[in-house]
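What you are looking at is a predicted structure, and each value in this text was computed from that prediction instead of being measured. The sequence lines fix the lettering, A, B, ..., with proteins before strands; numbering per chain opens at 1.
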Protein chains: 2
Amino acid sequence: MVQQVAAPVDRVVGPVAGLRQRKKQRTRCQLLEAAQKLFLRQGYARTTVDEITAAVDVSQRTFFRYFANKEQVALALMEDGADDFVDYLRARPSHENPLQALRAATRETWESRDISEPGASPATAALEIFQLIECTPTLLAAYLHRLAEQQQLIAEVLAEREGVDPAVDLRPRVLAAVFSAVGRTAQHEWAAGVAGRGVDVEDLVQVLDRHFDQLGPALTADWR
Amino acid sequence: MVQQVAAPVDRVVGPVAGLRQRKKQRTRCQLLEAAQKLFLRQGYARTTVDEITAAVDVSQRTFFRYFANKEQVALALMEDGADDFVDYLRARPSHENPLQALRAATRETWESRDISEPGASPATAALEIFQLIECTPTLLAAYLHRLAEQQQLIAEVLAEREGVDPAVDLRPRVLAAVFSAVGRTAQHEWAAGVAGRGVDVEDLVQVLDRHFDQLGPALTADWR
DNA sequence: TCACAATATGTCAGCTACTGACACTTGGCA
DNA sequence: TGCCAAGTGTCAGTAGCTGACATATTGTGA
């Protein structure tokens, strides 16, 4: 099975970039939208690739040229934020310590998404996808895997930022691991808690903060 | 797809427990062994379920009654340790603080495995499987998913141990997340580092300790 | 000890994800 | 205009996984 990267799709291509490129991006976009709609309406497992391709009127083979597998479509819907995050992290002022920078970059990522999102409710889409992932074992597994890769990248950025050698110094990797784990725990809680009431990015940011604030106390000698 | 638990196989059944039970355990065991051999010899992806069942001479359908999917066979080879861990954690003296207890339980888990293992090299088998998982994306994803479940359990045990309400107090979940993440990072490093030289459990325990020791420094204000 | 119930297993038919090979079309460019 | 490269469709096939149903095999109460 061994996953392999599907066509890179020449990420973030400028306004005009040849008809060919534009067509490609459009197809990809259509596939994403169709998939999202179907997944959210009838669930991930009950949606076949054939249904998605039928909605866009392309062959199944084409689908698999854009996405390595069915999971990747679902994940792609979340992924825009992940790339931004690393950029934000790199851009944090150097006087911030690693954990501060990570926390700030997280906040920036979510807040920027809140504004830029075009649809009616801002982060609602992200949340819906997130919940879909959370309650679909296969998808969750793939998502966790993606996070692990992301984590590696974060460690590298941290090492570079602080000017330490990532081959020797364990701190970048350890912190990246801790950060990812706590961040995910927070997201998990948030997604579970939102349930009925409306989706609010400010809400998520607060939940994240509360979790990170517990990092010290949790590691502390005595809980009682 | 939605994973579902295959037959529970009535875990750790006593010496004699009816012919039926024994037969079942034997079949399961044979499947595990055949799978392990094939996976290690020719890789996970290049091993088909049919090959495994052929080696044991049962039908494919039977295979899927024992394991929800192909991944689960591979994971099952690691999993014995995971169950032990929780038992060890529960048994740690209550004067230890949470992190101490977690670290001690980890050490116990690995050291016990070192002795009890029957084969020639003790933890060699575990390592080989671990490396197999590590370099097979599909498997790694499933493994991470399993870890996440395990993490939840750990959080519950911690909350109980410390007498805090897991619904309100974030510390158990946060610590469980941190612990899992750092533990995995350590395992990852270890598996990567062992490569040529022989496998040694003492080695792994040391790597784990070094990583946990970096937890404080990594979260510390200034790295420079 | 002999049924009968419960449980394992096998068989078969079928769905769906995914892939390689090859032919065809279309956009980019000299 | 005409060629090359890149994108797409078609087809045939493999592999994971499932439901339904028939068949054995084991446990058990009369």
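Of the candidates dG27(C), dG16(D), dA17(C), dG27(C) carries the atom nearest the Leu19(A) side chain, counting heavy atoms from C-beta on.
If you take CG of Asn69(B) and P of dA17(C), they are 16 Å apart, rounded to a whole angstrom. In this structure, Phe63(A) atom CZ and dG7(D) atom P are separated by 18 Å, rounded to whole Å. Going from atom CG of Leu38(A) over to atom P of dT16(C) covers 14 Å, rounded to whole Å. With rounding to whole Å, Arg28(B) atom CZ is found 13 Å from dT9(C) atom P. Between the CZ atom of Arg22(B) and the P atom of dT25(D) there is a distance of 16 Å, given to the nearest Å. Rounded to an integer number of Å, the gap from CZ of Arg65(B) to C1' of dG16(D) is 16 Å. Atom pair Gln60(A):CD and dC11(D):P shows a separation of 13 Å (rounding to whole Å applied). Atom pair Asp50(B):CG and dG10(C):C1' shows a separation of 14 Å (rounding to whole Å applied).
Remark on DNA chain C: of its neighbouring residues Lys70(A) and Val58(B), the 5'-side contact belongs to Val58(B), judged by nearest-heavy-atom nucleotide. The residue among Val49(B) and Thr27(A) whose nearest nucleotide of DNA chain D lies closer to the 5′ end is Thr27(A).
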The test is salt bridge (Lys or Arg N to Asp or Glu O under 4.0 Å); show your working for Glu189(B) and Arg210(B) and say whether it passes. CA-CA 11 Å; Glu189(B) 298 299 315; Arg210(B) 274 198 292 122; over 6 Å; no
Mind running side chain to side chain contact (heavy atoms under 4.5 Å, CB included) on Val73(B) and Val49(B) for me, showing each step along the way? CA-CA 10 Å; Val73(B) 212; Val49(B) 174; over 6 Å; no
Apply the test salt bridge (Lys or Arg N to Asp or Glu O under 4.0 Å) to residues Glu134(A) and Arg184(A): give CA-CA distance (whole Å), side-chain angles for both, the deciding distance (0.1 Å), then the verdict. CA-CA 11 Å; Glu134(A) 201 70 45; Arg184(A) 198 189 111 64; 3.4 Å; yes
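Side-chain N/O atoms of Lys23(B) include one lying less than 4.0 angstrom from OP1 or OP2 on dT26(D). Proximity of Lys24(B) to the phosphate of dA8(C): a side-chain N or O atom is located under 4.0 Å from OP1 or OP2. Taking only side-chain nitrogens and oxygens, Tyr66(B) comes nearer than 4.0 Å to OP1 or OP2 of dT9(C).
For a distance-only test at 3.5 Å, the side chain of Arg61(B) qualifies as a donor-acceptor partner of the base of dG19(D).
One N or O on the side chain of Tyr44(B) and one on the backbone of Glu71(B) form a donor-acceptor pair closer than 3.5 Å.
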Enumerate donor-acceptor pairs with a distance under 3.5 Å from any side-chain N or O in residues 151-161 of chain A to protein atoms, sequence neighbours excluded.
residue   : atom : partner  : partner atom : Å
Arg161(A) : NH1  : Arg92(A) : O            : 3.2
Arg161(A) : NH1  : Pro93(A) : O            : 3.4
Arg161(A) : NH2  : Glu96(A) : O            : 2.4

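At the heavy-atom level, Ser59(B) lies under 4.0 Å from base atoms of the strands shown. Using a 4.0 Å heavy-atom criterion, one finds that Thr53(A) contacts no nucleic acid atom at all. Among the protein residues, Thr62(B) comes within range of the sugar-phosphate backbone only, with heavy atoms under 4.0 Å from sugar or phosphate atoms but none that close to a base.
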